[in-house]
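Index from 1, following the sequence. Bear in mind that the values here come from a model prediction, so they are computed numbers and not experimental data.
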Amino acid sequence: MGAVTAQSGGGGALTGVLAPSPAAASPEAPGPLKGSAHVSERGQLGGRSRLPAKLINGGIAGLIGVTCVFPIDLAKTRLQNQQNGQRLYTSMSDCLIKTIRSEGYFGMYRGAAVNLTLVTPEKAIKLAANDFFRYQLSKDGQKLTLFKEMLAGCGAGTCQVIVTTPMEMLKIQLQDAGRIAAQRKTLSGQAQLSGRGGAQPSVEAPAAPRPTATQLTRDLLRSRGIAGLYKGLGATLLRDVPFSIVYFPLFANLNQLGRPASGEKSPFYVSFLAGCVAGSTAAVAVNPCDVVKTRLQTLQRGINEDTYSGFLDCARKILRNEGPTAFLKGAYCRALVIAPLFGIAQVVYFLGIAETLLGLPRVQP
């Protein structure tokens, strides 16, 4: 047989990282390889040798993406947590403006340190797991069926919650602390106005110190053990698994549409747009689960706000007290977060930044 060339599955460099084709040997392999078993073994080794590059690419993409979109994510958390009768913010822009006025510019980045620390392993696990499952589900280089693409996405979403759940548990407390403080300040001001006729003017209580990620982690571990960091695990699974089921197959097929007839890799802008469209579509589709997850993981409640005992209890109370539209709170914020986040991820993957840093040859889809 002729010389072996590097190939990948339908999703290009992202979805075929581990080279599902048995003929996916290194493009630098000297001379022809004889025997299908030998080719398959070389293909597997070639795919595994690229795993560090894929992990680095996922980490770089996560760091860049989080830095760009974190203020929007903060607005999403605060909009999802406010309940009827205690609305401080009317929209994303209103939330960001009030946050800057009361907490300064860096107030929009409360909780960002947690995300920036944990987003690298989180994105690395998600993207590498999807590639691994696609590799395992492929047979003889045949294009994966839609069902198998969805199954691979399901596996990736399940794996990523190992890091996602504690990361979001800590992030939400830090993001929502400003909303709770602003709500208490507003209610305190209203109480002073209503009691203005008293003999002594009321003195505003000093603001409680804002928690830090380290303090929150220590308190949760001390009071609830490791399970405290995994509160809302079920809701996180119900959000992330469907998200991956929708996102990865949709991206792979949208990216395939922009591939030139010559079989070359899809252009730069096609990968970016495919990541944006697939990410925002999946984000809106699972937003109801994200609302429930955010409510369940919030430890500090505002005045007169509901508490919840579990996923179903939370969903029932939201539906009864706030109506079905409450499940779409922060949906456009989430779409604005996810679209550039995954667009940037695809760009980093297809540029092959890690391959360049590590001196590895680029895999042509």
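- In summary, the side chains of Asn253 and Glu149 do present a donor paired with an acceptor at a separation below 3.5 Å, with no hydrogens or angles considered.
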Query raised in the report: Can you check side chain to side chain contact (heavy atoms under 4.5 Å, CB included) on Leu229 and Leu170, steps first, answer last?
Result: CA-CA 8 Å; Leu229 291 173; Leu170 297 173; 4.2 Å; yes
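- In this structure, the side chain of Lys98 engages the main chain of Leu88 through a donor-acceptor pair within 3.5 Å.
- Judged purely by atom type and a 3.5 angstrom limit, Lys329 uses its side chain to pair as donor or acceptor with the backbone of Gln82.
- The closest side-chain heavy-atom distance from Tyr332 to Ser91 is below 4.5 Å.
- Of the inter-residue distances, the one linking Cys289 atom SG with Leu296 atom CG reads 10.5 Å to the nearest 0.5 angstrom.
- With hydrogens and angles ignored, the 3.5 Å screen pairs no side-chain donor or acceptor of Tyr308 with any backbone N or O of Ile318.
- We find that Asp219 and Arg224 are not joined by a salt bridge, their nearest charged nitrogen and carboxylate oxygen being 4.0 Å or further apart.
- Atom SG of Cys95 sits about 5.0 Å away from atom CG of Leu79, to the nearest 0.5 Å.
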> Could you walk me through whether Leu174 and Leu216 pass the side chain to side chain contact (heavy atoms under 4.5 Å, CB included) check?
Replying inline: CA-CA 9 Å; Leu174 297 170; Leu216 285 170; 3.9 Å; yes
Dump the intermediate steps for side chain to side chain contact (heavy atoms under 4.5 Å, CB included) on Cys159 and Phe132, then the final yes or no. CA-CA 11 Å; Cys159 290; Phe132 172 79; over 6 Å; no
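- Taking each heavy atom of Ala335 and Val284 in turn, the nearest pair found is CB-CG2, 4.0 Å.
- Arg239 pairs with exactly one of Asp290, Thr294, Thr164, Asn287 by the side chain to side chain donor-acceptor pair (under 3.5 Å) rule, that one being Asp290.
- Among all heavy-atom pairs drawn from Arg134 and Ala152, the shortest one is CG-CB, 3.6 Å.
- Under the 4.5 Å side-chain criterion, counting only non-hydrogen atoms from C-beta, Leu96 is in contact with Met108.
- The two residues Gly258 and Val270 make their nearest non-hydrogen contact at CA-CG1, 3.7 Å.
- The closest donor-acceptor contact from the side chain of Gln80 to the backbone of Arg295 lies at 3.5 Å or more, if one exists at all.
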Checklist entry - Going through the checks in order, is the side chain to side chain donor-acceptor pair (under 3.5 Å) test met by Glu355 and Asn57? => result CA-CA 9 Å; Glu355 286 83 352; Asn57 279 332; 3.1 Å; yes
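- Residue Val69 is grouped with residue Ile100 when hydrophobic side chains (ILVMFWY) are merged at heavy-atom distances under 4.5 angstrom, including chains of intermediate members.
- Annotation: side chain of Phe248 is not in contact with side chain of Met150 (no heavy-atom distance under 4.5 Å).
- Taking hydrophobic clusters as Ile, Leu, Val, Met, Phe, Trp and Tyr residues chained together by side-chain heavy-atom distances below 4.5 Å, Met92 does not share a cluster with Val291.
- The line from OG1 of Thr165 to CG of Leu118 is 11.5 Å long, rounded to the nearest 0.5 Å.
- Counting only heavy atoms from C-beta outward, the side chains of Asn130 and Ser244 never approach each other to under 4.5 Å.
- In this structure, Lys148 and Pro249 have side chains that are not in contact, with every pair of non-hydrogen atoms separated by 4.5 Å or more.
- Hydrophobic clustering keeps Leu74 apart from Val114 (ILVMFWY residues linked when any side-chain heavy atoms are closer than 4.5 Å, directly or through intermediates).
- Using modelled atom types, one finds a donor on one side chain and an acceptor on the other under 3.5 Å when comparing Thr99 with Arg78.
- Between the Ser280 side chain and the Val277 main chain, a donor and an acceptor come within less than 3.5 Å of each other.
- Judged by distance alone, the side chains of Thr77 and Asp176 never bring a donor and an acceptor atom under 3.5 Å apart.
- Across every non-hydrogen atom of Arg334 and Phe243, the tightest pair is NH2-CD1, 4.0 Å.
- Side-chain contact, Asn81 with Gln175: no donor N or O sits under 3.5 Å from an acceptor N or O.
- Remark: side-chain polar atoms of Thr281 are not paired, donor with acceptor, to backbone N or O of Ala278 under 3.5 angstrom.
- Atom CG of Leu151 and atom CG of Leu137 lie 5.5 Å apart (nearest 0.5 Å).
- Side chain of Gln173 to backbone of Leu299: a donor-acceptor contact under 3.5 angstrom is found.
- Hydrophobic clustering of Ile, Leu, Val, Met, Phe, Trp and Tyr side chains at less than 4.5 Å, counting indirect connections, unites Tyr109 with Leu336.
- Glu122 and Lys171 are not joined by a salt bridge, as no carboxylate oxygen comes within less than 4.0 angstrom of a charged side-chain nitrogen.
- Minimum interatomic distance between Gly330 and Lys76 (heavy atoms only, all atoms of both residues): O-CG, 3.6 Å.
- The two atoms that bring Gly157 and Val241 nearest to each other are C-CG2, 4.0 Å, heavy atoms only.
- At least one donor-acceptor pair under 3.5 Å links the side chain of Gln297 to the backbone N or O of Lys231.
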ask   = What's the verdict on side chain to side chain contact (heavy atoms under 4.5 Å, CB included) for Ile60 and Leu63, showing C-alpha distance, side-chain angles and the deciding distance?
value = CA-CA 5 Å; Ile60 293 172; Leu63 291 172; 5.8 Å; no
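- Classified by interplanar angle (parallel below 30°, tilted 30° to 60°, perpendicular above 60°), the ring pair Phe251/Tyr247 is parallel.
- Follow the hydrophobic side-chain contacts under 4.5 Å out from Ile97 and you never reach Tyr105; the two are in separate clusters.
- Note that the CG atom of Leu116 and the CE atom of Met167 stand 10.0 Å from one another [nearest 0.5 Å].
- Contact check on Glu322 versus Lys317 returns no salt bridge, with no Lys/Arg side-chain nitrogen under 4.0 Å from an Asp/Glu carboxylate oxygen.
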